[in-house]
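Chain letters run A, B, ... following the sequence lines, proteins first and then strands; every chain starts at 1. Only heavy atoms go into these numbers, but all of them, side chains included; no hydrogens, no water, no symmetry mates.
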Number of protein chains: 2
Amino acid sequence: MVRPTMEDVALRAGVSRALVSLVMRGSPKVSEQRRSAVLKAAEELGYSPHAMARSLASRTSTVLGVMVSDLHNSFFAEVVDGIDEVAHQQGFELIINTGGRSPARERRALESLLSFRPAGLILLSPVVPATSIGKAADQLPVVLVARSSRISTVDTVNDDGEVGARLAVEHLVSLGHSRIAHLDGGEGSQAGPRRRGYVAAMESHGLAPQVVTSEYTDVAGARAIRRLLAEDDLPTAIFSCNDFNAVGAISALEDAGLRVPEDISVVGYDNTSLAALRHVSLTTVDQPRAEFGRLAASALLHRVRDDRAEPVRHLLTPSLVVRTTTAPPGGLR
Amino acid sequence: MVRPTMEDVALRAGVSRALVSLVMRGSPKVSEQRRSAVLKAAEELGYSPHAMARSLASRTSTVLGVMVSDLHNSFFAEVVDGIDEVAHQQGFELIINTGGRSPARERRALESLLSFRPAGLILLSPVVPATSIGKAADQLPVVLVARSSRISTVDTVNDDGEVGARLAVEHLVSLGHSRIAHLDGGEGSQAGPRRRGYVAAMESHGLAPQVVTSEYTDVAGARAIRRLLAEDDLPTAIFSCNDFNAVGAISALEDAGLRVPEDISVVGYDNTSLAALRHVSLTTVDQPRAEFGRLAASALLHRVRDDRAEPVRHLLTPSLVVRTTTAPPGGLR
DNA sequence: TTGTAAGCGTTATCAC
DNA sequence: GTGATAACGCTTACAA
């Protein structure tokens, strides 16, 4: 269980350590003969370069740190795919860490990531206070995904929640709905833009907005519906703050003997894998997640290289995915 | 954007670098006066220790590498929670990396993790060949989760799929079912034990097993059901290889005008968050995921400390979670 | 209790 | 092309 060093490889190949270093980094100025001898020795010894000794000596890092606020949410998995694609293509590696949805654990995760002295940091929907982000940004380039910031040294990548909400409303209006309620995400991240977009879209059609306070979970969605049911105040269509909330709403509606979409239409947000399940088949707003990741990685790598000053603010346009939970209101068919 | 070093802190506090090192590591043999001076200087400079320089100098590591084969699967998120709990409690940090379900990308992830020279490695359901795992295990302690191995130097943590399958069958039999089909996971990891457990349980009740080839996805589950439907060969209960498959099956059954559980019962496997959704409410087999993580971390840390030789093979007992997709067969009510 | 100096595995500079 | 030698940021005897 002893890990070989460059020295061991050099010894076995009968060359100097510096030569091994050159070979490992693919330098062209090494004779073919020595190169293969070194490679052979390395292979036999099971040698692989020590990333941190390398970065220590070279004063550079090819590592990008990624903090995922919630590993349970597959939304982030796709963003990571996008990051990985660009990073790898440009010769960078990722180290990931998770905040487990708790600010305390997230702080730890951040500290830990920082202690590896990566070239840059991508924070996916962080919940730590802005000051922590600012401190990190003093030390290295930072990009935020699914969270906005006014710090002038950090770049951000977000979807345009107002546009997404408008897409949902337009779709329902074009189907003939006029009583459309929004189950909102309360204090949740990005809930504000979605709510504002909904209200603006309703008003632009001369319709009365009906915002129902809710949360980003299926339990909350069901609860909101039961409340509407109890007040006998049910609209003909529901626009939920996210897919989980929408699925909870559908569940509560079906429990009450209502059919979706015949009696009432439902639209979600996020286009999670849940929405795509045939059993659910939810009409929803899709965010270009992999694109989030690609843009975040590109922005970060630019900053890593250029030390650029002006912040980048990507605001991506979401799109609507129509499935089978929306239809014209019952009365119109 | 320049990151301070220990030297900077020492200079500012008017002490030697070694003294700063002692303070940073919480040594008791430092005068209170100097300690606070050092801490103050560090704070002002925004200094935090360089993890890898530290591990290079001390020839030890407090980092555990975790390779997650598929970040999209929330199963792993809970395992990571368990790992994180134990690791943190014992003063270790995690660096996570993902294989993106592809052997090539997983190889990269492994290389990358190894290049940080962590104290040990936990591989969650890896798809790389056993030889790659063996090579890694030559260099540092390795624990496998949700994958078995015969390599004598690696520890493994798995659930007992045979027991899980038996639980599902027993439940259905006790409800009065005798025609129970298994939609199996084909070549998928852990599909074998589940299939064997199903067959054994059926036979021990004198029932004829009916194994239908399928896969770990909802599309495959739906397809398998349509095949059974076409052959007019539908049992009164289905035991799916996992939750996704089960949800696909339910979907296809409902499309065919059959009600679950009135006409046919369905049991899944894994107890994913999907199964718990009210809208789905799937009876399923639960694996103690966080416990997987805790045991994996404990086993690894033991090996890290003791250099122990005998491999640990944890085989955890799953449990059944009864929800609303199972009921007595229609004829019996 | 504090400082000095050597060394961890690597890269970089500079002669040869 | 190749090989010494001095960093990189830190820990760790050992000395003071």
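- Side-chain contact, S298(A) with R294(A): no donor N or O sits under 3.5 Å from an acceptor N or O.
- Using a 4.5 Å heavy-atom threshold, the side chains of I133(A) and I151(A) count as touching.
- Here the C1' atom of nucleotide dG9(D) and the CG atom of L19(B) are 17 Å apart, to the nearest Å.
- In this model, the phosphate group of dT11(C) is approached by a side-chain N or O of R25(A) to a distance below 4.0 Å at OP1 or OP2.
- Regarding R17(A), its CZ atom lies at a distance of 15 Å from the P atom of dA7(D), rounded to whole Å.
- Under the 3.5 Å distance criterion, with hydrogens and angles disregarded, no donor-acceptor pair is assigned to the side chains of S189(A) and R147(A).
- Within 4.0 Å (heavy atoms only), S16(B) reaches at least one base atom of the nucleic acid.
- We find that CE of M6(B) is positioned 5 Å from P of dC10(D), with the value rounded to whole Å.
- The residue R34(B) sits close only to the backbone: its heavy atoms come under 4.0 Å of sugar-phosphate atoms, none of a base.
- Side-chain nitrogen and oxygen atoms of S21(A) include at least one within less than 4.0 Å of the OP1 or OP2 phosphate oxygen of dT11(C).
- Comparing L22(B) and T5(A), the nucleotide of DNA chain C nearest to each residue sits closer to the 5' end for L22(B).
- Residue D155(A) forms a side-chain hydrogen bond (donor to acceptor under 3.5 Å, both in side chains) with just one option from R313(A), H314(A), R303(A), and that option is R303(A).
- A heavy atom closer than 4.0 Å to some atom of DNA chain C occurs in L56(B), A57(B), R59(B), these being the qualifying members of residues 47-60 of chain B.
- Taking atom CG of L11(B) as the reference point, atom C1' of dC10(D) lies 16 Å away to the nearest angstrom.
- Annotation for R108(B): atom CZ counts as buried by contact number, over 12 foreign heavy atoms lying within 6.0 Å.
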